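Okay, structure first, notes after.
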Amino acid sequence: MIETSALTKRYRRTTAVDGLTLRVEPGQIYGFLGLNGAGKSTAIRMLLGMTRPTSGTVRLLGRDEPDWSRVGYLVDGAHAYPGLTVRENLEITRRLRREPDPEAADRAADLLGLTPYRDRRAGTLSLGNAQRLGLAKAVLHRPDVLILDEPANGLDPLGIRELRGILRRLAHREGTTILVSSHILAEVARTADRIGIIDRGRMLTEFAAADLPRCTCDAEDLEDVFLRLLTGDRPEAAA
Amino acid sequence: MNAALKTETAKFLRSRAPWATAAAFLLPVALAAIFVGASGTPPLDEKSQALGITPDWPGFHSALMQIDAAGGFLLFGILVTWMFGREYSDRTVLDLLALPTSRTSIVLAKFTVTTAWLILLAALQTAAWVATGIMLGLPGTPHRGLAELLMLLALTGALALPIALAASAGRGYLPGIAATVALLVCGVAAAILGAAAWFPWALPATVGGLSGAASRPLTAPAIAAATAAAGIAATTLWWRRADH
């Protein structure tokens, strides 16, 4: 479970996240949306303990200080040690995450379609395969909580479909709690169980993805809802 | 700590850093040998002898000490910068922050690998110095200069460790390199001005003889050790408490 309560982060005169309260239930996929600069990345970094909140609380897996071996994440793009092979990068992640299963690295490579590239240096991978490596590192240890910032970046349509299948399987079969931030709204609409939209650090609205047709009135899809909500007072931007 | 140490060792050994730094650390020996060779040949003989470089073991020792007093710190500083700054340049640092392996373990593992390699580089350079002197057929024996050379390299290595804080807080290579150069320049200036007592980074220039006759303050090892410990503590604290 992921919970935040009145989570706030201020940098001098700027408030990046302003009283954010959200809750992601076990086995749920939560689509976390917002325009650039809305505060998504800062919020995610606070969830992961990378940035200290100015006020408010974060609880992962029911604890203020979670067992990080049960948490997986992909933040700020997929990056790896360029001089090491795919397998070596995964092996480093396995060690640091204290995953005891020696097969975990190969299993993760297989899950993300990286087996043919296992012995390639990470620095020579295409953008899509580098992203697959980042995702493999995030899920390698079968986490109970998975936090992904723009996981579909650089993936081709097949990769996006595979990612959707992986996330659904992890959440709905294995009970993994997943928070996904993405700008690919159609994909979020297809993948997420619940969606939250933030603007200027504040939660603007939250709704179940299944309620999307009902809650949107005459809106056509999630993109329409998103843009109407966020540019409502700026009609020229929507146009 | 064990997982972090294995990881940092693997990352280091699979990079180009070991070969690059080993080659760079042999360069001062080669330069010192060239100076010693030139010291008996006009018109360089007068200049070399003015620097205390003579075609014998003490001269070879003096040449290497002077080169190491500046160049050694530069090379050690670059290595420390690379160990910490690469995580920011490769943007892999976020992968190290929310793990069951603590940030303290990761930072200490980086310092352990760095220190181990600094010791090996010092040993490599010392061995190369002895071997080159023997090959050159220098008169006398090298044993009197060995302890001084090892002490200089130990001091220089210890004083380079706090540069990790600049590479971490500055989030990349450039601040680490800038700190290395700034400390080197200020250290030489402080040594020339006789201010080594209050500026630890003046010790390599003082011990190496860059500021005149070489001297070995008795407190030098303690000052260098305390500076290194403070740098390690500050870097660890920064990794634990800073917003990333």
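All figures in this text were calculated on a predicted structure; none of them were measured in a lab. Proteins come first, then strands; the chains are lettered A, B, ... in the order of their sequence lines, and each starts at number 1.
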If I measure from the heavy atoms of chain B, does [X] come under 4.5 Å with its side chain, its backbone, both, or neither?
X	result
A:Glu88	side chain
A:Tyr73	side chain
A:Ala78	neither
A:Arg97	both
A:Arg121	side chain

Shortest non-hydrogen contact between [X] and [Y], atoms and distance:
X	Y	result
A:Arg52	B:Asp243	N-OD1, 2.8 Å
B:Ala10	A:Arg95	CB-NH1, 4.4 Å
B:Ala98	A:Leu48	CB-O, 3.5 Å
A:His79	B:Asp90	CB-O, 3.5 Å

Problem set entry | Structural part of B:Thr7 lying under 4.5 Å from a heavy atom of chain A |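 Answer is both: backbone and side chain atoms of B:Thr7 are under 4.5 Å from chain A.
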
Exercise. Do A:Leu84 and B:Lys11 come within less than 4.5 Å of each other through their side chains, counting heavy atoms only?
Worked result: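 In short, these two side chains touch, coming nearer than 4.5 Å.
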
Exercise. Is the shortest heavy-atom distance from the side chain of A:Arg45 to the side chain of B:Leu94 under 4.5 Å?
Worked result: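 Answer yes - side chains close enough.
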
